[in-house]
Amino acid sequence: MSLEAYAELLRVLQAREGRGKVELPFVGKVRGVEALFGSLSAVAPAVPGARDEEWNPVSQRTHTPLPPPVGDELGGEITALKEAVDAFTTLSHEMMHVALWEPFFTGAWKPRGPKGFREFSLMAEGYCFFFSDIVVSGAVRVRLPDGEFALERQTPSNARFHPIRAFHGLGMTRTDEILDIYLAGFSGERTALWQPRGGDRYAAAMAAQVYDFYAGSQRYLAEAYGAIAAFGGMSEFHRRFCRVEGLPSFAEDLAVGSDLKAYFRRFHQVGLERLAAASAEDIARLRWRRTLQMRAYYALQVRWLLREGLVFRAPPRDVLPEVEAYLSGLRGLLLKFAPEKGLADLDADYDARVRAAFSARGSWVGERWLIAPRRAGGKVSVLEGAGADGKGREGKIKRLSVVAFLVDELTKRMKESRTVEARELVLAQLRRVAGATTSEKLRTELRRPELLELWSVPMTAFDPAGNTYRELCFSYQ
């Protein structure tokens, strides 16, 4: 039943109309989480088999895990319960990413450039790991059928050992003290977890894991900021759709200042308590705000791609005025803030005038950043003059990085193929890609339908009427 509830969770969040009551397992065990879940409007694809599990808190579209089905095999009961606990723990972590950006969504704050974005994102990551590792795992005391407690030996983020062992080894038991270690460690600071040779091995192992995350995230976060800023996600989106007087929030006085740690400490003290105390009407207003802001965030990507000429097989008719009208309509709804009024008609107009044009033409994103994991040199494009062109060394390196990416993806497809015919088809694709010795030949391969889906997304993937979305400009997993 636990896993069936998570399947229902995805169906409810993606539903076009209505919103049923879903009894999520364990959700009531952590203050504020049920209300936070109720404030969401949609989720990112995170079902088994999804090729591109997207993560980006600025979209307010939470990465939501759904474990694979568990059968009636020996030990299936234990596996199903453990999977459900792990899924809830991960969901709590991912929802917290969205919650922590609340001052941004209400216009009270925005990061100052890529450095500010990186610093906030890393400290937010520290808080989210603290929340799932310490708060959630301490609250969810579910005994498995074999007598052992779930989350007793490890957490979804650390399969080797439970992080609390590192802190207990140092004599730390207070959550505020542990939170400070998480915030500092994920910011790259040296903490008490760093141990001399012969010290607590759990603390030393955790210190190494945290620092590896910090060091490995620098480039990814810088490129994510660049991609979001490119289409106006840090400027116009914030100015027109967040800095709007009277928007509902659960964090009106939680200011983000020069002391970032103070914000996260204060959020931990009062943020979730306020969410837990919010009325059903308050939560519905938060969800309505997210509903409108989410659409604006993705519509800005559509507009930017059209303006920059980055749409492959763009409609012959100029649809930019209709996209602008859609954005203006969303802002009007934010200003009026009358929940559920007028949005269905606005979405229907976008569907008929913009998505229909994309669908008829078979339009795809023509250039896309592949940020995390970094693949194909960071970007793939079917447009001329996009880096893979040219005869110089830099152009050749870029071309080879794209070819290597395609070979890797097609090799995975080969392994997944179940018939001889399917494998022969993939082998033919591999040969063509390997023979793409010029930029023009490579672009020809990238435009093939069977390869487009490896790196791009259709322009129709932004489907507000159906409440489904994809990151059009970039991939960050």
Okay, side chain of R287, backbone of L40: is any donor-acceptor separation there less than 3.5 Å? no

For the rings on Y211 and Y214, is their centre-to-centre separation under 6.0 Å? yes

Is the backbone of G232 close enough, under 3.5 Å, to the side chain of W304 for a donor and an acceptor to pair up by distance? no

Close side-chain approach of M459 to V365, heavy-atom, < 4.5 Å: yes

Is a donor on one side and an acceptor on the other found under 3.5 Å between the side chain of R368 and the backbone of S456? no

R448/E445 salt bridge by N-O under 4.0 Å criterion: yes

Indicate yes or no for a side-chain donor-acceptor contact from R355 to the backbone of T460 under 3.5 Å, with no hydrogens or angles considered. yes

Scan for salt bridge (Lys or Arg N to Asp or Glu O under 4.0 Å) pairs involving residues 304-316, sequence neighbours excluded, and state none if there are none. R307-E324

Under 4.5 Å between any side-chain heavy atoms of L272 and L275, yes or no? yes

Backbone N/O of R118 and side chain of S121: donor-acceptor pair under 3.5 Å: no

If you draw a 6.0 Å radius around CZ in R353, do more than 12 non-hydrogen atoms from other residues or ligands fall strictly inside? no

Separation of R399 CZ from T437 OG1 (nearest 0.5 Å): 7.5 Å

Do R290 side-chain atoms and S41 backbone N/O form a donor-acceptor pair below 3.5 Å? no

Test: R274 and E102 ion pair at under 4.0 Å: no

Does this structure show an ion pair linking E223 with R374, if we count only N-O contacts that are shorter than 4.0 Å? yes

Between Q301 and E471, is there a side-chain donor-acceptor contact under 3.5 Å, judged purely by atom types and distance? yes

salt_bridge(D408, R375) N-O dist < 4.0 Å: no

Are L442 and S439 close enough that some pair of their side-chain heavy atoms sits under 4.5 Å apart? no

Please confirm whether H93 and F131 have ring centers closer than 6.0 angstrom. no

Strictly distance-based, threshold 3.5 Å: is any side-chain N or O of K110 a donor or acceptor partner for the main-chain N or O of P103? no

Counting the benzene-type ring for Trp, do Y297 and F462 have ring centres under 6.0 Å apart? no

Measure from the side-chain N and O atoms of R61 to the backbone N and O of N56, and report whether any donor-acceptor pair falls under 3.5 Å. no

Output for pair (T62 OG1, L36 CG), nearest 0.5 Å, gives 7.0 Å

Can Y127 and F130 be said to form a ring-ring contact (aromatic ring centres under 6.0 Å, His included), step by step? CA-CA 5 Å; Y127 183 89; F130 158 80; 5.8 Å; yes

Pairwise side-chain contact, L454 with L451, heavy-atom cut-off 4.5 Å (strictly under): yes

Spatial distance of atom CE (M96) from atom CD (E125) [nearest 0.5 Å]: 12.5 Å

By side-chain contact (heavy atoms from CB on, under 4.5 Å), S217 pairs with (sequence neighbours left out) L122, F213, L221

Treating R295 as the side-chain partner and T291 as the backbone partner, does any N or O pair qualify as donor plus acceptor under 3.5 Å? yes

Salt-bridge contact E119-K115 (side-chain N to carboxylate O under 4.0 Å): yes

First locate atom CG of D347, then atom CG of N467, and finally report the distance between them rounded to the nearest 0.5 Å. 8.5 Å

Are the side chains of F231 and Y298 in touch, meaning some heavy atoms are under 4.5 Å apart? no

Check whether S401 reaches the backbone of K398 with its side chain - one donor and one acceptor, N or O, closer than 3.5 Å. yes

Is the closest side-chain heavy-atom distance between L286 and R289 below 4.5 Å? yes

